[in-house]
S.K.: 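What follows is a structure written as structure tokens; I'll ask about it next.
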Amino acid sequence: MRPTGKLHLGHLVGALENWVSLQNEFENYHLVADYHALTTNLSTSELYDNSIDMIIDWLSAGIDPVKSPVFRQSQIKEHAELHLLFSMLITTARLERNPTLKEQARDLKIETMSYGHLGYPVLQAADILLYKGNLVPVGEDQVPHIEITREIARRFNTQYGNVFPEPEPRLTKFARLPGLDGNQKMSKSTGNTILLSDSPEEIQKKLRTAVTDPQKIRKGDPGRPDICLVFTYHQKFNPAAVGEIRKGCESGALGCVDCKKQCGAAIANALAPLREKRAYYETHRDEVKNILADGEKRAKHTAQQTMSEVHEAMAIG
Ligand code: AMP
């Protein structure tokens, strides 16, 4: 994940929940993609603090740094070397066809793109394959990048010998959580988010602005839950009440104001344990720094091993 600010519900339900559940079964690597953050913001003044804040969100959501290392990409230079080698194995035309990049350029109104931004899936391939990742828990927007990673792994293996696995994406049930404005994806760049660190009051306030079924103007009007993003949030955060909410919405008996209040309460409730843990880490930031130092040592060890194999396969270095 890129340290571009505080995490939102999309990060949690699209990726982070899978990280937490997979860490018991697999050897996970949790990467702070700080080089990647430079693709959309060249300023580095907040990069470190944003990284620590993001790791606090991870730890609050249940990431166990003893089970699996937490580290910054920029501290392990092998990412940069493998990125360079991989960049020879893919054409610019292939990268220009990437639908996620086109979507991002549209949302951020980017007219001309840097070389590094165009190639960011190549750096992502290095991030994954340096640790020989075979399962990548991401949101739906990242699936095209995993496909690019697979192509690069295949190309490397054919050209130089079998070093890398061909990884697969692992999606959650809510792999593209919609934003409050009705946009298909909750995203910081479109400002339509509920943050993991929002207070119950902030959550309620934000939900009041959420776009609902335009045909349901007042209580009594029948609504269509399947096109309403608040209903999607209910499905995720209030599953026990979903049947009742659908009935109330469709019949008109449940108005949007009430429905949003119930939804806000359910989200605030689901985030309560995270809020508690965050309060602890926010006053123990040194602990987080130690977690990073340990994670970086462990990740570096694996990265160096993989690069030795790469050097040997390519007969360089
Ligand atoms: P990013 O902030 O773009 O670096 O995203 C970090 C991770 O969160 C990626 O795996 C994304 O696919 C996932 N993600 C971000 N926004 C959403 C969303 N609205 N729904 C589901 N997953 C998301």
Side-chain angles (χ1 to χ4, degrees), residues 1-23 28-41 46-47 50-51 53-58 60-63 70-74 79 98-108 110 116-117 120-121 123-128 133 135-149 167-198 206 210-211 229-230 232-233 235-237 267 270 274:
M1 278 190 200
R2 289 172 307 146
T4 50
K6 291 194 163 139
L7 297 187
H8 55 67
L9 289 184
H11 292 122
L12 178 71
V13 310
L16 197 46
E17 281 186 351
N18 252 354
W19 296 16
V20 173
S21 63
L22 292 170
Q23 70 184 344
N28 284 14
Y29 286 84
H30 299 130
L31 172 125
V32 177
D34 52 357
Y35 280 153
H36 275 288
L38 301 175
T39 57
T40 52
N41 183 5
E46 292 178 354
L47 208 49
N50 279 347
S51 300
D53 281 338
M54 182 169 79
I55 295 167
I56 290 180
D57 273 333
W58 293 356
S60 307
I63 292 297
V70 168
F71 57 99
R72 285 166 296 164
Q73 184 183 36
S74 63
H79 288 260
N98 173 9
T100 303
L101 202 70
K102 286 187 188 162
E103 194 182 320
Q104 198 186 45
R106 190 198 57 213
D107 286 347
L108 298 175
I110 296 171
H117 196 172
Y120 94 94
L123 177 56
Q124 200 172 351
D127 299 339
I128 296 165
L135 213 53
V136 194
V138 283
E140 194 186 76
D141 60 318
Q142 297 294 315
V143 172
H145 298 169
I146 311 305
E147 190 48 44
I148 290 174
T149 300
E168 310 230 346
R170 170 70 70 96
L171 300 184
T172 66
K173 212 173 132 203
F174 295 87
R176 181 179 278 261
L177 193 74
L180 289 164
D181 58 354
N183 189 305
Q184 278 189 345
K185 190 183 154 205
M186 183 176 282
S187 153
K188 193 192 163 209
S189 55
T190 35
N192 58 8
T193 62
I194 292 178
L195 301 177
L196 303 188
S197 51
D198 280 343
K206 285 186 174 177
V211 170
L229 64 97
V230 178
T232 306
Y233 297 170
Q235 285 176 312
K236 168 64 195 167
F237 294 100
I267 294 174
L274 276 78

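Both backbone and side-chain heavy atoms feed into the values below; hydrogens, waters and symmetry mates do not. Note that the structure is a prediction, hence the values are computed from the model and not measured. In each ligand, atom 1 is the first atom listed, and ligand 1 is the first ligand listed.
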S.K.: Less than 3.5 Å apart, N/O on ligand 1 and N/O on the protein: could you list those pairs with the distances?
M.R.:
residue: ligand 1; atom: 2 (O); partner: His11; partner atom: NE2; Å: 2.8
residue: ligand 1; atom: 3 (O); partner: Arg2; partner atom: NH2; Å: 3.2
residue: ligand 1; atom: 4 (O); partner: Arg2; partner atom: N; Å: 3.2
residue: ligand 1; atom: 4 (O); partner: Arg2; partner atom: NE; Å: 3.4
residue: ligand 1; atom: 10 (O); partner: Gly139; partner atom: N; Å: 3.1
residue: ligand 1; atom: 12 (O); partner: Gly139; partner atom: N; Å: 2.9
residue: ligand 1; atom: 12 (O); partner: Asp141; partner atom: OD1; Å: 2.5
residue: ligand 1; atom: 19 (N); partner: Leu177; partner atom: O; Å: 3.1
residue: ligand 1; atom: 19 (N); partner: Met186; partner atom: N; Å: 3.2
residue: ligand 1; atom: 19 (N); partner: Met186; partner atom: O; Å: 2.9
residue: ligand 1; atom: 20 (N); partner: Leu177; partner atom: N; Å: 2.8
residue: ligand 1; atom: 22 (N); partner: Gly10; partner atom: O; Å: 3.3

S.K.: Is there a donor-acceptor contact under 3.5 Å linking the side chains of Gln104 and His117?
M.R.: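 A donor-acceptor contact under 3.5 Å links the two side chains.
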
S.K.: Between Asp34 and Ser74, does any side-chain donor sit less than 3.5 Å from a side-chain acceptor?
M.R.: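 The criterion, which ignores hydrogens and geometry beyond distance, is satisfied for Ser74 and Asp34.
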
S.K.: Might you confirm whether atom NZ of Lys206 has over 12 heavy atoms from other residues, nucleotides or ligands at distances under 6.0 Å?
M.R.: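 Enclosed: over 12 neighbouring heavy atoms sit under 6.0 Å from NZ of Lys206.
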
S.K.: Please say which of Ile146, Val138, Leu22 ends up in a side chain to side chain contact (heavy atoms under 4.5 Å, CB included) with Arg170.
M.R.: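 Result for side chain to side chain contact (heavy atoms under 4.5 Å, CB included) with Arg170: Leu22.
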
S.K.: Counting C-beta onward and ignoring hydrogens, is there a side-chain heavy-atom pair between Val13 and Phe237 closer than 4.5 Å?
M.R.: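 Val13 reaches Phe237 side chain to side chain.
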
S.K.: For Ala33, give me all partners under side chain to side chain contact (heavy atoms under 4.5 Å, CB included), at least two apart in sequence or on another chain.
M.R.: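 Side chain to side chain contact (heavy atoms under 4.5 Å, CB included) list for Ala33, sorted by chain: Arg2, Leu31, His36, Gln73.
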
